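The next block holds one structure in the form of C-alpha cells; read it before the comments.
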Amino acid sequence: MNLIFEISNKGARCATIRKPDVKSAKINKKYARAEKPELPEVSEVDFARHYTALSRRAFGVDTGFYPLGSCTMKYNPKINEEVAALEGFTQIHPLQPEDSVQGALEVIETLGGYLAEITGMEGVTLQPNAGAHGEYTGLLLIKAYHAARGDTKRTKVIVPDSAHGTNPASAVMAGFEIINVPSDEEKGVDLEALKGVVGEDTAALMLTNPTTLGLFEKNIKEISKIIHNAGGLLYYDGANLNAVMGIVRPGDMGFDVVHLNLHKTFSTPHGGGGPGSGPVGCKKELVQFLPNPAVVKTDKGYKFDCGKKSIGKVASYYGNFGVYVRALAYITALGAEGIKSAAEHAVLNANYLKVNIEDLYPTEKGRHCMHEFVVSMQDLKDKTGVSAMDIAKTMIDRGYHPPTMYFPLIIHEALMFEPTETENKRTLDEVIAALREIYEEAFKDPEYMKAAPHHAQIGRPDEVKAARQPIVRYKKPE
C-alpha cells in the first residue's frame, strides 16, 4: 500500500480555507521555518480512501477477539464515547474561570468519589495521564509522607520479580533504590524472602493483586503486616483491578496508595498508545500530599483548592478530561452490582478458556485464575521446535489477535491470555477449538507455523531490526 506522500499530486486540495477576517499575528522570524513543510497534496476523495483503507488493515477489539493479557483490550460501550463527545465537555477551555465550568468540575469531583469508594481510599487525584504516571505520582506521595515525618532513611522500594516493568522504572524516577523479591512455589510473593529484605530503609512494596500471573495473592494480609510493621507503605498497581472491582477493595487488603488505569478498567479504548488516565488514591494520612489543585464541593458550587503540603502539579491543566467522562458514564450506567458483575464475568471467562485448553497449554494447575492466565509452551518447543511466538503468529492467520508473548519473564515460552468480561461463550468456544487445532498443527507441520502468518497484510518481520533501526519518518526520494 502506498504512503500518503506517494499518492501526493501537486496542486490537489482537500478543502479551500478562506482568508481570516481578523488581523494576522506577526511571528518572530527566529521561530519560523526556513522552508515550508513538505506536506502531501491530495484530493478529498483520495484522502478518505487512503485512511479508510488503512483502518481496514488495523485489527482492534471491534474487529475480533483480542486476548492481550495484562492490557485488558475489552469492548467498550459506544454510548460512553457519545457522552464524552458532548459539546458541553469538548468545547470548554482549561483556562476558563471556575464558575463557567461547574459541570466539568462536578464530573471530576463525582468520579473521584466513586473511585475512592471502589478502591477503599480516602482521597483521589485524577491528574496523572497514564498508569506509569500514576505509579510515579503515588511514589511521590509515599516519599512526601516519609519526608514529612523526618524518616529520610527510607530509600528502598521492594518490587516482586513478576511485577510490571513500569514498577521499578517509576520507583527509580521517584528517586528510590529497587529491591527485588522472588516468587514462591505458588507464584506468590516469597514471605521468607520478603522478611529478609524489609527493614528500616523500606519505603514501600509495590504489588498488584491479582498478580501479573492472574493469581490472587492469598497472603496479602500477611504481606501488609510485614511491610507496615517495618514502617513502610503498601502500593497497589491497579492494572488488574478489573478482576476484583466491586468484590474486594485494595484499601481493605491493607494498601495505602493505589493507581487505576481508567483506560483499561473503566471504558476508554486502550490501543494506539492512548489516551490514558491513571488516577491515584490514598489513605487519609497521605491526602494532604495529593497534587494541586484538588476539586472540592462547597455551598456555592465547585472550585479548585490548593493544599500547602501538596507534591505539586503532575499534569498540564487537569489530565485527560474526556477519559474521566467515559469512566463516569461507565460507572454510573453499571452501578455497584454491574461493576461487580463485570469483574465476575472477567474471571469466569478466563477460567472457562483456561480449563478448556490447559491439557495442551500448561498453566498453574490446581488453582483458579482471576481475569487472566499464563501458559508455558516450553514443553511443546522442546518436542517440536514450535515456540510461543510461532503459536501467536499462527493465531493471526486464524483471525485472532495474539495474546501477550514472553511476559512475565519468570515463565519460559509464556503466553498470557485475557479474554475479558465482554466476550461471549460462542466466541470462546471458537477460540478454544482454534487453539487446540494450532497445537496439533505444531506436530504435523512445524515449519509451516514457523513461517506464519501466511495470510496477514505483512509476513513475519525482522523484529530485532524493527526495534533497533525503526523507520519513523518519510524520506522523499532524491
Side-chain angles (χ1 to χ4, degrees), residues 55-56 58-90 107-108 110-112 114-115 118-119 126 128-134 210 238-247 259-279 319-350 353 370-372 399-404 416-428 431:
S55 71
R56 288 174 176 169
F59 188 98
V61 74
D62 288 353
T63 308
F65 186 61
Y66 208 130
L68 202 62
S70 194
C71 286
T72 319
M73 299 294 286
K74 68 181 180 181
Y75 176 84
N76 289 297
K78 295 298 182 280
I79 184 64
N80 299 343
E81 295 294 321
E82 293 182 22
V83 173
L86 292 173
E87 285 192 7
F89 294 135
T90 61
V107 166
I108 294 171
T110 302
L111 177 59
Y114 285 162
L115 296 179
I118 290 170
T119 58
L126 303 185
N129 287 317
H133 193 192
N240 297 339
L241 182 75
N242 52 297
V244 296
M245 59 182 183
I247 299 171
H259 94 262
L260 303 177
N261 292 339
L262 295 187
H263 52 286
K264 291 173 67 173
T265 309
F266 295 105
S267 189
T268 285
H270 185 240
S277 182
N320 285 327
F321 181 75
V323 181
Y324 309 160
V325 179
R326 293 183 185 91
L328 182 58
Y330 183 75
I331 294 171
T332 303
L334 289 183
E337 287 303 312
I339 292 290
K340 179 182 178 182
S341 178
E344 290 173 338
H345 280 82
V347 174
L348 176 63
N349 281 354
L353 181 58
M370 298 301 289
H371 63 302
E372 64 188 5
Y400 303 119
H401 195 283
T404 296
M416 180 191 288
F417 290 88
E418 182 178 357
T420 80
E421 72 274 13
T422 56
E423 297 297 341
N424 58 40
K425 183 176 180 296
R426 176 183 56 79
T427 298
L428 295 179
V431 173

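Side-chain atoms are counted along with the backbone in the values below, which use heavy atoms only and exclude waters and symmetry mates. Every value quoted in this text rests on a predicted model; they were computed, and no experiment measured them.
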Any idea which heavy atoms bring Ala329 and Asn80 closest together, and the distance?
CB-OD1, 3.5 Å
Can you name the nearest heavy-atom pair linking Ala84 to Val325, along with the distance?
CA-CG1, 3.6 Å
Contacts of Asn242 that satisfy side-chain hydrogen bond (donor to acceptor under 3.5 Å, both in side chains) - sequence neighbours left out
Glu418
Would you please test Phe417 and Val431 for side chain to side chain contact (heavy atoms under 4.5 Å, CB included) and show each step?
CA-CA 11 Å; Phe417 290 88; Val431 173; 5.7 Å; no
Drop me the distance from Asn240's CG to Thr265's OG1, to the nearest 0.5 angstrom.
8.5 Å
With a 3.5 Å distance limit and no angle check, can you tell me whether Glu372 reaches the backbone of Gly69 through a side-chain donor-acceptor pair?
no
I'd like to check the side chain to side chain contact (heavy atoms under 4.5 Å, CB included) partners of Ile331; sequence neighbours left out, ordered by chain and number.
Leu111, Tyr114, Leu115, Ile118, Phe266, Ile339
dist Glu344:CD -> Met245:CE (nearest 0.5 Å) comes out at 10.5 Å
Mark yes or no for whether Ser341, through its side chain, and Gly338, through its backbone, hold a donor-acceptor pair below 3.5 Å.
no
To the nearest 0.5 Å, what is the distance between CG (Asn320) and CG (Asn129)?
4.5 Å
If you look only at pairs with a residue in residues 259-269, which of them pass as a salt bridge (charged side-chain N to carboxylate O under 4.0 Å, His left out), with sequence neighbours excluded?
none
Can you see which heavy atom on Ala350 is nearest to which on Met370, and at what distance?
CB-O, 3.2 Å
For Thr90, side-chain hydrogen bond (donor to acceptor under 3.5 Å, both in side chains) partners two or more places apart:
none
Set of residues satisfying side chain to side chain contact (heavy atoms under 4.5 Å, CB included) with respect to Arg56, sequence neighbours excluded:
Thr52
Least distance between heavy atoms, Pro403 atom then Leu68 atom
C-CD1, 3.9 Å
To the nearest 0.5 Å, what is the distance between CZ on Phe321 and CG on Leu126?
10.0 Å
Note, Met416 side chain near Ser70 side chain (heavy atom, < 4.5 Å):
yes
Donor-acceptor under 3.5 Å (Thr422 side chain, Tyr75 main chain)
yes
Check: Leu328 main-chain N/O paired with Thr332 side-chain donor or acceptor under 3.5 Å:
yes
Residues Ala243 and Val347: closest non-hydrogen pair is O-CG2, 3.7 Å
Residues passing the side-chain hydrogen bond (donor to acceptor under 3.5 Å, both in side chains) test with Thr119, sequence neighbours excluded, are none
Tyr66: partners by ring pair (Phe, Tyr, Trp, His ring centres under 6.0 Å), with sequence neighbours left out:
Phe59, His401
Which pairs pass side chain to side chain donor-acceptor pair (under 3.5 Å) with one or both residues in residues 322-331, sequence neighbours excluded?
Lys74-Tyr330, Glu81-Arg326
Identify the heavy atoms of Ser267 and Asn76 that sit nearest to each other, and give their distance.
CA-OD1, 2.9 Å
Residues in side-chain hydrogen bond (donor to acceptor under 3.5 Å, both in side chains) with His133, at least two apart?
none
Quick one: list whatever passes side chain to side chain contact (heavy atoms under 4.5 Å, CB included) with His263, sequence neighbours left out.
Asn261, Thr268, His270
